[in-house]
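Any value given below was found using the heavy atoms of this structure, including those in side chains, with hydrogens, waters and symmetry copies removed. For the single chain, residues carry numbers from 1 onward in sequence order.
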Amino acid sequence: MLGFERGFGPCKTLAFIDRRGNVAGGMVFHNWHPESGVIEISIGAHSRMWATRQILQEAAAFAFTDCGCQAVVARTDGKNPVRTIWRKLGATEHVIPRLRGRDEAEHILVLPQEAFMASKYAEARHG
């Protein structure tokens, strides 16, 4: 679903289940650095419908509350529409030329906790 095969090492996952009970996508939290308070997230989905307020809040709560992170990082290509969601959440985007190959840049999105908390998507976690 992510378009590549690689191991994530120690990680935590969150799956999105559609109304039929099928896995519609998921998140992998990996490359956690407790010393710096940063965790990386990789997301794969069959539909854009995964990005509900509840799922975004649960993902943020895991990273910022459960793990105690001060920032979440995502890496993607420049064509991925998820970049729009990240920017709405308050992330800044950094483009690194050639990081995905000779002719393709890596887009690194950094979401600080304060930026997420200031977004319209932040809300207290229930349950």
Side-chain angles (χ1 to χ4, degrees):
M1 198 178 293
L2 293 174
F4 57 85
E5 291 184 31
R6 78 169 192 207
F8 289 103
C11 62
K12 295 286 184 179
T13 60
L14 173 67
F16 320 128
I17 308 300
D18 67 17
R19 295 177 198 267
R20 296 181 189 153
N22 299 314
V23 175
M27 295 180 181
V28 180
F29 293 89
H30 55 100
N31 292 336
W32 180 33
H33 294 273
E35 312 79 38
S36 61
V38 176
I39 196 164
E40 187 172 346
I41 186 171
S42 294
I43 302 168
H46 295 297
S47 163
R48 293 183 188 179
M49 302 307 292
W50 70 268
T52 67
R53 183 179 297 265
Q54 180 182 1
I55 288 173
L56 295 171
Q57 289 170 353
E58 287 297 321
F62 175 75
F64 298 130
T65 303
D66 299 350
C67 294
C69 290
Q70 55 89 17
V72 178
V73 175
R75 299 169 15 151
T76 189
D77 63 57
K79 299 176 285 279
N80 194 328
V82 78
R83 294 169 38 244
T84 302
I85 295 168
W86 277 91
R87 289 190 301 266
K88 286 181 180 180
L89 294 174
T92 55
E93 185 172 7
H94 307 273
V95 180
I96 313 297
R98 299 178 76 146
L99 205 56
R100 285 186 168 242
R102 182 172 298 279
D103 299 319
E104 190 171 0
E106 180 92 314
H107 292 246
I108 300 174
L109 297 121
V110 180
L111 178 62
Q113 181 180 18
E114 298 83 5
F116 177 77
M117 295 310 292
S119 79
K120 68 179 184 178
Y121 297 94
E123 192 173 296
R125 180 166 138 180
H126 303 286

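Residues Val110 and Ile39 are members of separate hydrophobic clusters, defined by side-chain heavy-atom contacts under 4.5 angstrom among Ile, Leu, Val, Met, Phe, Trp and Tyr. Transitive grouping of hydrophobic side chains (ILVMFWY, heavy atoms separated by less than 4.5 Å) brings Ile43 and Ile85 into a common cluster. Transitive grouping of hydrophobic side chains (ILVMFWY, heavy atoms separated by less than 4.5 Å) brings Ile55 and Val82 into a common cluster. Residues Leu109 and Tyr121 are members of one and the same hydrophobic cluster, defined by side-chain heavy-atom contacts under 4.5 angstrom among Ile, Leu, Val, Met, Phe, Trp and Tyr.
Distance check, rounded to the nearest 0.5 Å: CD of Gln57 to CZ of Phe64 gives 12.5 Å. Once rounded to the nearest 0.5 Å, the distance linking OG1 of Thr92 with CZ of Arg87 reads 11.0 Å. With rounding to the nearest 0.5 Å, the separation of NZ in Lys12 from CD1 in Ile41 is 14.5 Å. Between the CZ atom of Arg75 and the CG atom of Asn31 there is a distance of 8.0 Å, given to the nearest 0.5 Å. Taken to the nearest 0.5 Å, the CD atom of Gln113 stands 6.5 Å off from the OG1 atom of Thr65. Taking CD of Glu40 as the start and CH2 of Trp32 as the end, the distance is 15.0 Å to the nearest 0.5 Å.
The shortest distance between side-chain heavy atoms of His107 and Asn80 does not fall below 4.5 Å. In this structure the side chain of Asp77 never reaches within 4.5 angstrom of the side chain of Glu106, judged on heavy atoms.
The shortest non-hydrogen separation linking Lys79 to Arg83 is N-NH1, 4.3 Å. In plain terms, the two heavy atoms of Arg100 and Ala105 that are nearest each other are CD-O, 3.5 Å. The heavy-atom pair separating Ile108 from Leu99 by the smallest distance is CD1-CD2, 4.4 Å. Across all non-hydrogen atoms, the minimal contact from Leu111 to Ala91 is CD1-N, 3.6 Å. Taking each heavy atom of Ala59 and Met27 in turn, the nearest pair found is CB-SD, 3.5 Å. Contact record, Gly90 with Pro112: O-CD, 4.3 Å, taken as the closest heavy-atom pair.
Listed by chain and number, the residues in a ring pair (Phe, Tyr, Trp, His ring centres under 6.0 Å) with Phe29 are Phe62 (sequence neighbours excluded).
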Side chains of residues 14-26: which donor-acceptor pairs under 3.5 Å do they make with residues two or more places apart or in other chains?
| from | atom 1 | to | atom 2 | distance (Å) |
| --- | --- | --- | --- | --- |
| Asp18 | OD1 | Arg20 | N | 2.9 |
| Asp18 | OD1 | Gly21 | N | 3.0 |
| Asp18 | OD1 | Asn22 | N | 2.8 |

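Around the CD atom of Glu104, the shell of radius 6.0 Å holds more than 12 heavy atoms that belong to other residues, nucleotides or ligands.
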